Each structure stands twice: as C-alpha cells, then as structure tokens.
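A short write-up of the structure that comes next.
For clarity, every value in this text was computed on a predicted model and none was experimentally measured. Quick note: numbers below take in every heavy atom, side chains included, and nothing from hydrogens, waters or symmetry partners.
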Amino acid sequence: MGEEVAPRQFTREDRQRYRTKVHRCLDAFAVMLAGSRFDFERPMTGMEVELNLVGNDGDPALRNAEVLEHIDDPAFTTELGRFNLEINVPPRSLAGEGADSYEADVRAQLNTAEARARELGAHMVMIGILPTLREEHLTHEAISTNPRYALLDEQMLLARGEDLHLDIRGVEDLNVYADSIAPEAACTSLQFHLQVSPDEFSSYWNAAQCLASVQVAVGANSPYFLGRELWRESRIAVFTQATDTRPAELKAQGVRPRVWFGERWTTSVFDLFEENIRYFPAILPVINDEDPLQVLEDGGTPALHELRLHNGTVWRWNRPVYDVVDSTPHLRVENRVLPAGPTVVDMLANGAFYYGAVRTLATQERPLWSQMSFTTAEANFTEAARLGIDAEVYWPGQGELPASELILRRLLPLAHQGLQEWGVADPVRERLLGIVEERCASGRNGAAWQVSAVRHFEAQGVDRLAALHAMTQAYVEHMHTNEPVHTWPVP
C-alpha cells in the first residue's frame with residue numbers, strides 16, 4: 001500500500017484484467033520459489049512506527065503535509081490520516097549492539113522531528129489510539145491528501161455498499177457508524193520485519209502467530225477510543241471493523257474479513273499469497289505493464305506489482321512480504337500486532353522479546369503449533385486484546401495461565417536464547433528483556449498506565465475528556481525520555 005496510486009475509476013474490464021494478471025504473478029512466484037531465487041544469507045530486521053500529531057491542546061492536528069515538509073527527512077512519510085506520520089527505520093542486523101543503534105537512531109530522528117514540529121505548534125505522540133479523538137475528527141476531511149488514500153476510502157466503501165459499523169463491547173460499549181475509513185487512521189502500530197528464507201518462512205510465520213497474544217498482552221497501549229474505555233488493545237477491534245468490507249449478510253455467510261488472524265497454520269509462504277487471491281476481491285485493481293513470467297524467462301527479477309498491491313489490502317496481523325532490493329528478491333514476515341509507543345525503549349524491548357522468542361520457537365524440534373489448535377491461538381489473541389496484561393491464555397504443557405506468568409516462566413528464557421543465537425550483545429539483551437520482565441512483574445504496560453491515570457483524574461473530579469487530554473499530554477512529554485512506561489508515576 002506504500003505504492004503511489006493515481007485517482008481513477010475502475011471498470012469491470014479493469015477488474016477482470018487484474019484478476020488474470022495477479023494469477024500470473026502468483027505463477028511467477030511459484031517458479032521463483034521452486035528455483036530458490038531468494039536472498040537470505042544475511043537475515044535483516046526492520047521497523048516501522050506510526051505516529052500521531054497533536055496540537056498544543058492535545059487534540060489531533062490535521063497537518064501532516066505541512067509538518068512533513070518542515071521536518072524534511074525522507075524517513076518520515078504520510079499515513080492514512082492527516083494527523084498521522086510514519087517513520088521507516090532502515091533494515092539492519094541485530095547482532096552485537098544492533099538494537100542499541102536502532103534505539104539511538106530512532107530517538108535522534110524523533111527528537112529532531114519533534115523540535116521542528118513544535119515550531120509549527122504540533123507535537124508527536126506514540127500511542128496505539130489517540131485518546132483525544134472525537135467523532136468529528138474521523139471524517140473524509142481527516143484522510144491524507146495523497147490520492148491513494150482517497151481511492152482506498154472510495155473503493156472500500158463501494159465494496160461494502162453501506163456505512164462502516166463500529167460495535168465494540170468492552171469495559172464500556174461503543175456503537176457508531178462512519179461514512180469513511182477514517183477510523184482506521186486512529187490505529188497507529190509498530191511493525192517488525194524479519195527476513196527469512198522460503199524454507200523457513202512457514203515456521204517463522206506460525207511461531208509469530210503463536211506469540212501474537214502474549215505480544216499484545218505485554219505491549220497493549222490502546223484502551224480508549226472516542227472517549228470510551230473499551231479493550232486494553234482497542235486498536236485490534238477498531239482496525240478490524242474500520243476496514244470491514246462485508247455487510248451483515250456476508251458476515252453471516254462466513255466471508256472472511258480483510259483484517260484477520262487467519263484460519264490455519266501454514267506450510268508455505270505460497271499458501272498465504274494464494275489465499276489472498278482466492279478469498280479477497282481486488283480493492284485497487286491497478287495493472288502494471290510488467291509481464292512477470294517474461295521477466296523471469298529473460299533472467300530478471302519481477303516486481304510482482306499486482307501481487308504486492310493486493311497483499312497490501314489484506315491486513316493479516318502477521319503478513320507475508322515479497323520485496324526486491326538491488327534486483328534481488330527476499331521474503332519477510334511482517335509482525336503487525338503491536339501498537340506504537342509508549343517510548344522508543346519500550347518499542348525496542350517489545351522488539352527484543354519478539355525477535356528472540358520467535359527465533360527459538362521457529363527452530364524447536366517439536367513445533368509449538370503441532371501442539372495447539374489454530375483456533376486456540378486466535379482465541380488467545382482476542383483475549384489478550386480485551387484484557388491486556390491481565391489476560392489468561394492457553395499454552396501447550398502449561399494449560400490456562402496468566403499471560404504475564406507465561407512470559408516470566410517460559411517465554412523470556414526462550415527470548416534470551418533466541419537473542420543469543422542472533423548474536424545480540426549480552427548487555428543489550430539483558431537491558432531490553434529486563435524491561436519486559438519488569439512490566440510483567442509490575443502489571444503495568446501502556447494500557448494499564450493510561451487507565452490508572454484517567455481514573456486518577458476522574459477521582460479528582462476531572463471529567464473524562466479533560467482527563468484524556470491530560471493523560472495524552474503526559475505521553476507527549478514522556479515520549480522523548482529514556483524512561484520505560486512501567487516506571488512512569490501516575491499523575
């Protein structure tokens with residue numbers, strides 16, 4: 001979805017041609033897999049962080065184009081909402097002090113960007129859902145001016161045939177309708193990329209699916225949306241429903257949602273791309289001139305434009321990625337389950353936990369996913385999104401237990417082992433995983449801190465909206481410190 005897409009109207013012929021072309025891309029992809037044409041000798045990791053812009057009053061600032069121009073850093077790009085930005089961190093190895101360089105680079109870029117944004121009266125905040133958003137902020141006017149976003153909005157509403165319905169039952173309930181996909185912009189995430197070989201892909205993807213629940217439990221950071229306290233990671237429910245192209249009748253028929261956990265363990269990366277084509281009609285049937293099979297026959301590397309564009313409109317929580325760098329193709333697992341923030345060091349701690357644990361689970365002699373049903377893994381994921389660090393999950397050999405206990409007893413040792421195998425320096429490994437350990441021991445992550453802060457303000461007689469503004473302001477102030485969220489005092 002990062003590709004530029006110009007405004008246009010799509011005809012029935014466009015859609016038929018696209019269907020033919022995307023199948024041709026899939027055929028080329030199968031040939032490439034059979035020929036072992038992928039780069040995986042030096043596995044790299046990458047990171048993307050989506051940010052919110054707020055004004056001095058804590059309300060969303062719909063000024064991303066102006067702020068981006070003033071920041072003048074190619075690492076920062078637009079996102080769906082005019083109150084969103086994204087920073088793309090260049091890929092690198094985790095070995096040695098690689099994670100420390102991630103942290104230093106991201107913090108330096110954010111601090112510089114924040115200083116420039118302040119000159120325009122705007123501030124950046126890393127939080128899964130901006131708590132000060134109100135319904136009047138989530139309209140067509142809130143969507144970024146880049147034509148691809150307007151086209152995506154138009155086509156998704158056209159596919160659905162009616163307004164989007166957000167119906168979330170949590171600590172409090174929400175039931176609203178939206179005439180655009182702007183509520184999707186409320187959801188800002190942290191995305192981890194891990195380059196893997198074709199032979200290893202299924203093991204890493206399955207392992208990431210197993211880990212998704214505990215990642216969300218320990219990293220939840222989105223308890224409020226439109227003034228209501230919903231799930232501890234409300235972003236999961238909001239994103240799912242804000243991109244749902246199915247009216248009620250298609251849901252009843254079992255049609256899959258475009259944001260989904262999946263429905264089975266995989267044995268090949270090919271299966272995931274094939275499922276995308278089999279289950280989901282095209283949202284943006286934009287056709288490129290490349291003939292992928294002819295490019296292969298000529299000894300080149302096809303970009304597979306249609307396959308990649310279609311993949312970008314199916315929002316799996318762990319998504320397969322095909323990409324080409326310097327004419328060499330590679331595969332990545334894109335881990336999309338976590339919210340942004342609260343601080344850079346919190347995000348790097350989440351990354352250390354994920355990269356370490358996923359490596360150990362993916363390479364175990366007896367795969368974890370052979371001992372747990374896929375529906376159980378999905379149920380764990382939903383439970384973690386609802387309850388955050390207080391969730392209970394099922395784990396093979398352990399039964400039902402608190403997610404924090406599972407992390408402390410079983411998964412942190414696996415994460416330590418995996419990071420050692422990645423070659424991460426011991427002081428880096430111990431510092432970052434120590435943050436995850438302390439979150440579990442204290443029971444405080446971003447979501448828990450937000451709820452404590454808002455309830456504290458409300459106990460002092462402050463109304464909900466003012467409490468959400470005060471809590472958001474605290475996030476802005478803490479974002480540029482080196483203090484992980486479990487150490488923050490409650491105001």
**OP:** Would you sort out whether W315 and F280 count as a ring pair (Phe, Tyr, Trp, His ring centres under 6.0 Å), showing the intermediate values?
**Re:** CA-CA 11 Å; W315 291 276; F280 303 105; 9.5 Å; no
**OP:** Decide yes or no on salt bridge (Lys or Arg N to Asp or Glu O under 4.0 Å) for E334 and R332, but give the supporting numbers first.
**Re:** CA-CA 6 Å; E334 181 187 18; R332 303 195 303 268; over 6 Å; no
Subject >> L110 vs R107, side-chain contact (heavy atoms from CB on, under 4.5 Å): CA-CA, chis, key distance, verdict >> reply: CA-CA 5 Å; L110 287 177; R107 180 174 287 110; 5.8 Å; no
**OP:** Could you check T45 against Q195 for side-chain contact (heavy atoms from CB on, under 4.5 Å), going step by step and ending with a plain yes or no?
**Re:** CA-CA 6 Å; T45 63; Q195 183 181 338; over 6 Å; no
**OP:** Would you please test Q450 and E229 for side chain to side chain donor-acceptor pair (under 3.5 Å) and show each step?
**Re:** CA-CA 10 Å; Q450 287 186 47; E229 181 185 340; over 6 Å; no
**OP:** List the steps and the verdict of side-chain contact (heavy atoms from CB on, under 4.5 Å) for S144 and L80.
**Re:** CA-CA 6 Å; S144 288; L80 176 63; 5.9 Å; no
Original post:
Does the pair Q417 and R359 meet the rule for a side chain to side chain donor-acceptor pair (under 3.5 Å), with working shown?
Top reply: CA-CA 9 Å; Q417 177 186 337; R359 173 163 181 151; over 6 Å; no
Subject >> R444 and E438: CA distance, side-chain angles, deciding distance, salt bridge (Lys or Arg N to Asp or Glu O under 4.0 Å) verdict >> reply: CA-CA 8 Å; R444 179 171 292 177; E438 289 162 8; over 6 Å; no
**OP:** Using the side-chain contact (heavy atoms from CB on, under 4.5 Å) rule, take L53 and M124 through it: C-alpha gap first, then chi angles, then the decisive distance, then the call.
**Re:** CA-CA 5 Å; L53 283 175; M124 288 182 288; 3.8 Å; yes
**OP:** Go through the steps to decide whether Y149 and E79 satisfy the test side chain to side chain donor-acceptor pair (under 3.5 Å), and finish with yes or no.
**Re:** CA-CA 9 Å; Y149 296 125; E79 253 297 331; 4.6 Å; no
**OP:** Apply salt bridge (Lys or Arg N to Asp or Glu O under 4.0 Å) to the pair R232 and D390, showing each step before the final yes or no.
**Re:** CA-CA 9 Å; R232 287 301 181 260; D390 296 323; 5.5 Å; no
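Side-chain contact check for Q209 and E378: no donor-acceptor pair (N or O, by modelled atom type) lies under 3.5 Å. No side-chain N or O of E184 forms a donor-acceptor pair with one of T243 less than 3.5 Å apart. With hydrogens and angles left out, the side-chain atoms of E162 and Y177 include no donor and acceptor closer than 3.5 Å. Side-chain contact of Y279 with E263: a donor-acceptor pair under 3.5 Å is present, judged by distance alone. Checking H165 against Q241 by side-chain atom types alone, no donor-acceptor pair falls below 3.5 Å. For the residue pair Y355 and N350, no side-chain donor N or O sits within less than 3.5 Å of a side-chain acceptor on the partner. Under 3.5 Å, the side chains of D346 and H486 contain no donor-acceptor pair of N or O atoms. Between the side chains of E48 and H193, a donor-acceptor pair is found at a separation under 3.5 Å. For the residue pair N111/H480, the side-chain donor-acceptor check at 3.5 Å is satisfied. In the model, D57 has no side-chain atom that pairs as donor or acceptor with a side-chain atom of H469 under 3.5 Å.
Considering only heavy atoms from C-beta on, L51 stays 4.5 Å or farther from E86 through its side chain. Here the side chains of R464 and E172 are in contact, with some heavy-atom distance below 4.5 Å. Counting heavy atoms from C-beta outward, P131 and M471 have side chains that approach closer than 4.5 Å. The closest side-chain heavy-atom distance from F83 to R63 is not below 4.5 Å. M126 is listed as a side-chain neighbour of V344, based on a closest heavy-atom distance under 4.5 Å. Using a 4.5 Å heavy-atom cutoff, the side chains of Q109 and I87 are in contact. Annotation: side chain of R316 is in contact with side chain of E275 (closest heavy-atom distance under 4.5 Å). Looking only at side-chain heavy atoms (C-beta outward), Q155 and L284 come within less than 4.5 Å of each other.
Judged purely by atom type and a 3.5 angstrom limit, N380 has no side-chain atom pairing as donor or acceptor with the backbone of A377.
Going from atom CG of L368 over to atom OG1 of T360 covers 12.0 Å, rounded to the nearest 0.5 Å. From L152, atom CG reaches atom CG of N146 across 11.0 Å, with rounding to the nearest 0.5 Å. In this structure, H416 NE2 and E421 CD are separated by 13.5 Å, a value rounded to the nearest 0.5 Å. Distance OG/S189 to CD1/I129: 11.5 Å, rounded to 0.5 Å. Taking CG from L412 and SG from C440, the interatomic distance works out to 6.0 Å, rounded to the nearest 0.5 Å. Considering CG of L85 and CG of N52, their distance stands at 9.0 Å, rounded to 0.5 Å.
Of all heavy-atom pairs between R319 and R336, the closest is NH2-NH1, 3.0 Å. Smallest separation of non-hydrogen atoms from A403 and V393: CA-CG2, 4.3 Å. Between T77 and L68, the closest heavy-atom pair is C-CD1, 3.7 Å. Across N482 and P484, no two heavy atoms sit closer than the pair O-CD, 3.4 Å. For the residue pair A113 and F76, the shortest heavy atom distance occurs at CB-CZ, 3.6 Å. Closest of all the heavy-atom pairs between L348 and M47 is CD2-CE, 4.1 Å.
Between D244 and R258 no salt bridge is recorded (no basic side-chain N to carboxylate O distance below 4.0 Å). The pair D72-R116 does not count as a salt bridge, with every side-chain nitrogen at least 4.0 angstrom from each carboxylate oxygen. Salt bridge annotation for R169-D167: present, with a cationic side-chain nitrogen under 4.0 angstrom from a carboxylate oxygen. Residues D153 and R148 are not paired through a salt bridge, judged by the lack of any N-O separation under 4.0 Å between the basic side chain and the carboxylate. A salt bridge links R431 to E103: at least one charged side-chain nitrogen sits closer than 4.0 Å to a carboxylate oxygen.
Cation-pi contact between R410 and W395: absent, since separation from the ring centre below 6.0 Å together with deviation from the ring axis within 45° is not met.
The aromatic rings of W449 and H478 sit perpendicular, their planes meeting at an angle over 60°, well past the 30° parallel limit.
For CD of Q371, the number of neighbouring non-hydrogen atoms (other residues, nucleotides, ligands) closer than 6.0 Å is greater than 12.
Checking F261, W231, W260, F374 one by one against F381, the ring pair (Phe, Tyr, Trp, His ring centres under 6.0 Å) holds for a single residue, F261.
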